[in-house]
Structure formats: C-alpha cells, structure tokens
Amino acid sequence: MSEQPAFFQPGTTYLRGRWRFQCLAAAPNPFNKEIRAVGFLYRPDESASPIALDPDDWATGRWEPQPVHIPAKTAAHVLWHEHRDANGYPAGSFTAALLALWDQADDANSARLAAAWPDYAAARALATTTDGLNHLRTIATTN
C-alpha cells in the first residue's frame, strides 16, 4: 500500500467536494520559507482561479488525488515512441519532439513536463511498470 504524500504534489489534480485543485508547483515562499502549492482552483464547468494553498489547507481540506486519465491517442503515442509497438502510432512533430526531449530531461525538468502534460507523464510511468505495456495496449485499442 502506498503512503499518502505529506503535501500537494505537482502534476496532480485533487478533489474536495465540488472543488478541484490542479497543483502546478510546490515551493517555499522566498520571503518566509513557508511552503505553498501553486495552481488553479475551480469547479467543473466554471472558470479556474490561480491560488496558493498552504499546509493548513492540506491538513484540513480532505483533498483526494484524482487519477490521471490516459487518452487512447496518448497511449498509442507512448507505445510507439518507447517501443515501436504495433498497437501505437507516431505522434505529430511537436509531440514527437516533446517525448524525445522528455527522454533527456533530468528529474526537475521531467517534473515540469509532467505538470504540463500529466496524461503523457502517466502513460510514460505506466510503461515502466509490470504489465504496464499491456495496460497501454488496452487503452490504445479500446477508445
């Protein structure tokens, strides 16, 4: 069983009641060093507002991380890029370059890419797990 993180994680969307919080970054305030999670707070079908949440918001908010949905085309792109798998197909030039860049990214830059493209991050992570390629094949061929 995995442990619950101690604070909001970048690249993760959280649900609390009808509210959603998409965490883009977590960093200390440069003036007082208090940690803040920066992202967008919104309700479905409404505008999102930028916000910074603190550890008290985490502790009292009962935020539930939401699984990232991997679209069929994302699974197919990752299958092709990572393994030239027959269930995948090549991405367009931008996405192909993005995946190639991701291959060379260090941890910090990989986290930045994951925050911007969470579906690709989830598919790349799934590809590295036991039976992950079979899961990606199922996703790629069922939608």
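For the atom pair OG1 of T13 and OH of Y42, the computed distance is 5.0 Å after rounding to the nearest 0.5 Å. Atoms CG and CG, from N134 and D131 in turn, are 4.5 Å apart once rounded to the nearest 0.5 Å. Atoms CH2 and CZ, from W63 and R20 in turn, are 10.5 Å apart once rounded to the nearest 0.5 Å. The CG atom of L41 sits 7.5 Å away from the CZ atom of R16 when rounded to the nearest 0.5 Å. Atom CG of N29 sits about 10.0 Å away from atom CD1 of I35, to the nearest 0.5 Å. Expressed to the nearest 0.5 Å, how far NE2 of H135 lies from CG of L126 amounts to 6.5 Å.
Of the possible polar contacts, none joining the T95 side chain to the G92 backbone as a donor-acceptor pair under 3.5 Å is found. Although no hydrogens or angles enter the test, the distance criterion places a donor-acceptor pair under 3.5 Å between the side chain of T142 and the main chain of T138. In this structure, the side chain of W58 engages the main chain of A6 through a donor-acceptor pair within 3.5 Å.
Between F21 and L53, some side-chain heavy-atom pair lies under the 4.5 Å cut-off. H77 is not listed as a side-chain neighbour of E82, based on a closest heavy-atom distance of 4.5 Å or more.
Inspection of the T141 and N87 side chains reveals no N or O donor paired with an N or O acceptor under 3.5 Å.
No more than 12 heavy-atom neighbours from other residues, nucleotides or ligands sit within 6.0 angstrom of CG on D107. Remark: N32 CG is packed, more than 12 non-hydrogen atoms of other residues, nucleotides or ligands lying under 6.0 Å away.
Taking a cutoff of 4.0 Å between a charged side-chain nitrogen and a carboxylate oxygen, R36 and E34 qualify as a salt bridge.
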*Decide yes or no on side-chain contact (heavy atoms from CB on, under 4.5 Å) for I70 and Y120, but give the supporting numbers first.*
CA-CA 7 Å; I70 300 173; Y120 280 96; over 6 Å; no
*Assess whether side-chain contact (heavy atoms from CB on, under 4.5 Å) is satisfied between W102 and H81, documenting all intermediate values.*
CA-CA 11 Å; W102 214 319; H81 177 78; over 6 Å; no
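In this structure, F94 and W117 have tilted ring planes: the angle between them lies in the 30° to 60° band.
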